[in-house]
Number of protein chains: 4
Amino acid sequence: MQSHPVPARPGRPRSAAADAAILAATREALVELGWSKLTLGDVATRAGVAKTTLYRRWAGKHELVVDAVAELFDALRLPDRGSLAADIEGVVLQFAAILARPEAKSGLMAVVAESTRDEALRDRIRTSIVDRQKRLVLEGRARAQGRGELPQSDPAESERTADLIFDMVAGAVVHRTLVSGHPADEEWVRGFTQVLLLGLAGAGAAAAGD
Amino acid sequence: MQSHPVPARPGRPRSAAADAAILAATREALVELGWSKLTLGDVATRAGVAKTTLYRRWAGKHELVVDAVAELFDALRLPDRGSLAADIEGVVLQFAAILARPEAKSGLMAVVAESTRDEALRDRIRTSIVDRQKRLVLEGRARAQGRGELPQSDPAESERTADLIFDMVAGAVVHRTLVSGHPADEEWVRGFTQVLLLGLAGAGAAAAGD
Amino acid sequence: MQSHPVPARPGRPRSAAADAAILAATREALVELGWSKLTLGDVATRAGVAKTTLYRRWAGKHELVVDAVAELFDALRLPDRGSLAADIEGVVLQFAAILARPEAKSGLMAVVAESTRDEALRDRIRTSIVDRQKRLVLEGRARAQGRGELPQSDPAESERTADLIFDMVAGAVVHRTLVSGHPADEEWVRGFTQVLLLGLAGAGAAAAGD
Amino acid sequence: MQSHPVPARPGRPRSAAADAAILAATREALVELGWSKLTLGDVATRAGVAKTTLYRRWAGKHELVVDAVAELFDALRLPDRGSLAADIEGVVLQFAAILARPEAKSGLMAVVAESTRDEALRDRIRTSIVDRQKRLVLEGRARAQGRGELPQSDPAESERTADLIFDMVAGAVVHRTLVSGHPADEEWVRGFTQVLLLGLAGAGAAAAGD
DNA sequence: CCGTAACCGAGACGGTACGTCACGTCTTGAG
DNA sequence: CTCAAGACGTGACGTACCGTCTCGGTTACGG
């Protein structure tokens with residue numbers, strides 16, 4: 001009996017080291033050159049790999065950068081700081097710190113731009129990046145409900161509210177960082193979190209009063 | 001006295017019609033091809049203009065697209081619907097409608113992405129697009145203060161709050177539209193506006209109570 | 001007793017069938033694709049063999065094609081038609097028939113072209129193809145001398161004359177077929193043979209008269 | 001009135017100097033690298049020209065080399081040495097000298113090989129190279145007839161004989177030079193010319209006696 | 001009304017990167 | 001040690017756009 005029915009494909013297996021080297025080289029090139037000047041030939045050279053190896057694994061620049069940037073978001077964790085507000089501030093600050101890095105800045109908006117015309121790319125972004133962030137919203141709410149800070153939510157309403165929260169949080173941080181061009185520092189995050197939480201509380205009360 | 005000290009350069013003046021034709025052709029190409037497949041040669045052909053003419057007026061693809069997209073936002077108006085909430089809903093819906101157009105979707109995020117590494121481009125975007133939107137926030141607040149819906153604001157605090165509001169509004173709409181991929185329709189806008197206004201009111205009260 | 005002291009190398013012996021399959025596949029590919037579009041990967045696939053196997057036996061495309069084409073010339077025989085002229089006509093027609101085949105046309109000139117810069121390849125062509133043809137000139141002359149159609153030749157002069165005959169015969173047929181692009185049919189061969197033999201007879205007489 | 005209705009195409013005209021530089025660079029590369037190692041990128045670099053310029057004018061390596069090699073044959077002249085035999089020897093020696101040059105050796109057979117599968121290339125070779133040589137056969141015969149060395153020829157037979165002569169001359173020289181790998185020096189040319197002329201004379205006499 | 005200077009179209013130019021292809025080598029597991 | 005399979009580094013391919021340039025020809029003003 002074999003629990004893992006390993007496909008055991010014939011031929012030489014793909015180098016696992018190459019993948020890591022390529023993604024690291026991609027981030028390095030993003031930092032130095034930015035999205036528009038990044039070339040796959042250069043990435044291949046930095047990674048010590050042939051261009052063909054790169055094309056064997058990724059369909060193009062966009063897909064590669066999605067994967068390279070996605071790894072940056074692996075570090076996102078929901079901290080337990082004792083209160084909902086503090087938890088949110090913590091995770092938003094982490095998110096802002098990642099977005100402040102040039103490799104994220106450069107690449108993220110570019111792939112989002114492209115994804116407006118590429119269904120497959122949009123899915124890849126959603127799977128690799130967006131959903132990973134969104135999960136934190138759900139975790140945070142569950143923890144706050146455990147603490148009694150939030151009431152149990154109507155499952156039907158729950159999904160909609162989570163989406164709204166996520167768009168408001170991620171949108172505000174991204175916009176401030178990339179469009180307005182100011183840092184999402186601790187002070188800003190505190191102000192933003194206050195508005196968000198008070199607004200949600202008020203809206204919840206209004207809904208309950210209906 | 002000459003209010004416009006026109007340099008009155010010698011030689012044949014630039015064709016005014018060409019500018020309009022080029023910007024229109026750019027938007028047309030954005031719709032059909034998207035940012036990444038748009039080429040200046042193609043734009044020139046569509047506009048019935050030589051590539052040289054195009055380069056005489058814009059430094060490159062990014063600058064051209066900023067101007068082409070900026071014109072889309074000229075239509076933004078602050079409606080007078082009688083209440084702050086209704087006014088905001090109205091302007092946000094307009095903003096969402098523009099962002100839903102493929103020529104805006106495709107081009108906007110791309111130039112923002114590029115602007116992370118190009119100071120001049122960032123300024124151009126701010127001047128041509130961002131400030132034009134931000135002005136509406138200020139107008140809206142002034143009108144609400146006129147109606148007595150909002151207290152007169154501390155000038156020092158005013159700037160910071162306006163920025164926060166702007167980042168929250170624009171960020172949330174952009175994120176929902178481009179990243180989450182869902183329409184910012186009337187229902188969503190109502191929910192978002194409610195949270196925003198209640199949050200701001202609460203934060204204002206808290207600040208006043210300090 | 002073992003006449004060939006086969007080294008009896010350890011390990012699995014090479015498949016004999018593979019050689020034949022590879023050479024046949026090479027000719028097939030030459031017919032379908034021609035020299036320049038023939039790839040070793042494709043040949044390997046056609047032969048049902050791995051590329052490695054192919055490289056274990058031949059150094060490259062040129063060597064392989066020489067061997068594949070050389071087999072075509074194995075069929076060349078000096079016919080006994082009763083007279084020198086008829087014998088020559090017969091062998092030239094055979095030669096022309098082989099050259100008319102696309103696998104010979106495509107491959108032969110290509111390896112000759114390459115051989116101008118590759119000593120080893122030149123030797124391989126000489127050994128596998130050219131000498132096999134040249135031998136027929138010598139056989140033909142010997143038979144004609146046996147019949148009394150030609151005088152016994154001065155050994156010193158013999159080599160030179162044989163070379164001249166060979167270059168004239170092979171050169172004319174190749175040039176007509178590949179450069180001029182006309183078939184070397186029976187009528188042409190008859191005319192050519194007549195000029196050749198009368199010329200040689202005349203030259204022989206002139207030399208004798210010196 | 002304008003005798004040359006110059007098309008006067010719009011746009012920047014093609015650089016005439018580039019053509020010459022490219023063809024010269026091609027021959028240089030043929031000498032140094034040979035056909036198979038010659039790359040268009042390298043030729044472009046040597047010529048101080050962009051690769052695209054090269055592709056704008058030639059469809060590929062084969063066409064380019066045909067033109068580069070064809071220029072070598074421009075130097076062929078029918079010398080007037082007083083007798084048919086001497087004239088032939090003179091022109092054959094010139095032909096042999098050209099074929100002995102590495103840029104001709106390397107390229108000529110390669111394009112001939114390719115032309116077996118490319119109708120357009122075959123025409124180009126015929127027009128640029130072959131017909132230019134064949135013309136010498138016709139000139140030589142006309143001059144010999146003027147001298148009374150040859151009888152006036154039956155026009156019907158004339159074409160066929162000229163073709164035969166041309167295939168025999170060019171074929172023999174090419175075969176000796178490229179396949180047999182020996183120089184077509186003065187001694188060899190004398191022997192070859194003798195056989196050819198005596199053969200043609202004999203065949204002419206035989207035909208007249210019919 | 002005529003010169004001059006900047007404009008315009010067309011398209012060739014030197015570059016750079018693209019994404020693909022074939023080469024010849026290597027690394028697997030199986031025989 | 002051979003074999004099939006297939007990934008690998010290498011290097012050329014031919015294409016596409018870039019942004020610049022060079023043409024001949026066209027406006028408009030200003031002398």
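Just so it is clear, the model here is predicted, and its values are computed rather than measured. Residue numbering restarts at 1 for every chain, and letters A, B, ... go by the order of the sequence lines. No hydrogens, no waters, no symmetry mates; every other heavy atom, side chains included, goes into these values.
- Rounding to whole angstrom units, CZ of residue C/Arg56 and P of E/dG24 are separated by 16 Å.
- Looking only at distances, a side-chain donor or acceptor of D/Ser128 sits under 3.5 Å from a matching main-chain atom of D/Arg124.
- If you measure from atom CG of B/Leu54 to atom P of F/dC17, you get 15 Å, rounded to the nearest angstrom.
- In this structure, C/Thr26 and C/Val69 have side chains that are not in contact, with every pair of non-hydrogen atoms separated by 4.5 Å or more.
- Checking side-chain atoms of B/Lys37 against main-chain N and O of B/Leu30 turns up no donor-acceptor pair under 3.5 Å.
- Considering every non-hydrogen atom in both B/Glu63 and B/Asp118, the closest pair reads OE2-OD2, 4.5 Å.
- Between B/Asp19 and B/Arg14 there is no salt bridge, since none of the side-chain N atoms of the basic residue sits less than 4.0 Å from a carboxylate O of the acidic one.
- The separation between A/Arg57 atom CZ and E/dG19 atom P is 18 Å, rounded to whole Å.
- Taking atom CD1 on B/Ile22 and atom P on E/dC7, their separation rounds to 13 Å, with Å as the unit.
- Scanning all heavy atoms of the two residues, the minimum distance from B/Ala104 to B/Leu72 falls at CB-CD1, 3.9 Å.
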Would you tabulate the nitrogen or oxygen pairs shorter than 3.5 Å linking the protein to nucleotides 24-27 of chain F?
from   : atom 1 : to      : atom 2 : distance (Å)
F/dT26 : O2     : B/Arg12 : NH1    : 2.9

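- Within 6.0 Å of CZ in D/Arg46 there are more than 12 heavy atoms belonging to other residues, nucleotides or ligands.
- Residue A/Leu54 comes nearest to A/Leu40 through the heavy atom pair CD1-O, 3.7 Å, listed as atom of the first residue, atom of the second, then distance.
- Against DNA chain E, the stretch residues 59-67 of chain A makes no heavy-atom approach under 4.0 Å.
- If you take OH of C/Tyr55 and P of F/dA5, they are 17 Å apart, rounded to a whole angstrom.
- Nearer to the 5' terminus of DNA chain E, by closest-nucleotide assignment, is the contact made by B/Ala47 (compared with the other of D/Ala16 and B/Ala47).
- Within the 4.5 Å cutoff, no side-chain heavy atoms of C/Trp35 are placed close to those of C/Glu103.
- Within a 6.0 Å sphere centred on CZ of B/Arg57, other residues, nucleotides and ligands contribute more than 12 heavy atoms.
- A/Arg14 places its CZ atom 12 Å from the P atom of F/dG9, with the value rounded to the nearest Å.
- At a cut-off of 3.5 angstrom, the base of F/dG14 holds at least one donor-acceptor pair with the side chain of D/Lys51.
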- Item | Residues D/Val65, D/Leu108; criterion side chain to side chain contact (heavy atoms under 4.5 Å, CB included); working and verdict | CA-CA 8 Å; D/Val65 168; D/Leu108 194 56; over 6 Å; no
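- Heavy-atom nearest nucleotides on DNA chain E were determined for D/Thr53 and for A/Thr52, and the one closer to the 5' end corresponds to D/Thr53.
- Near DNA chain F, defined here as any heavy-atom distance below 4.0 Å, the residues from residues 36-43 of chain B are B/Thr39, B/Leu40, B/Gly41, listed numerically.
- Within 4.0 Å (heavy atoms only), D/Ser15 reaches sugar-phosphate atoms of the nucleic acid but no base atom.
- For the pair A/Arg27 and A/Glu71, the salt-bridge criterion is met [side-chain N within less than 4.0 Å of a carboxylate O].
- E/dC23 atom P lies 15 Å from atom CH2 of C/Trp58, rounded to whole Å.
- The distance between atom CG of B/Leu33 and atom C1' of F/dC17, rounded to the nearest whole Å, is 14 Å.
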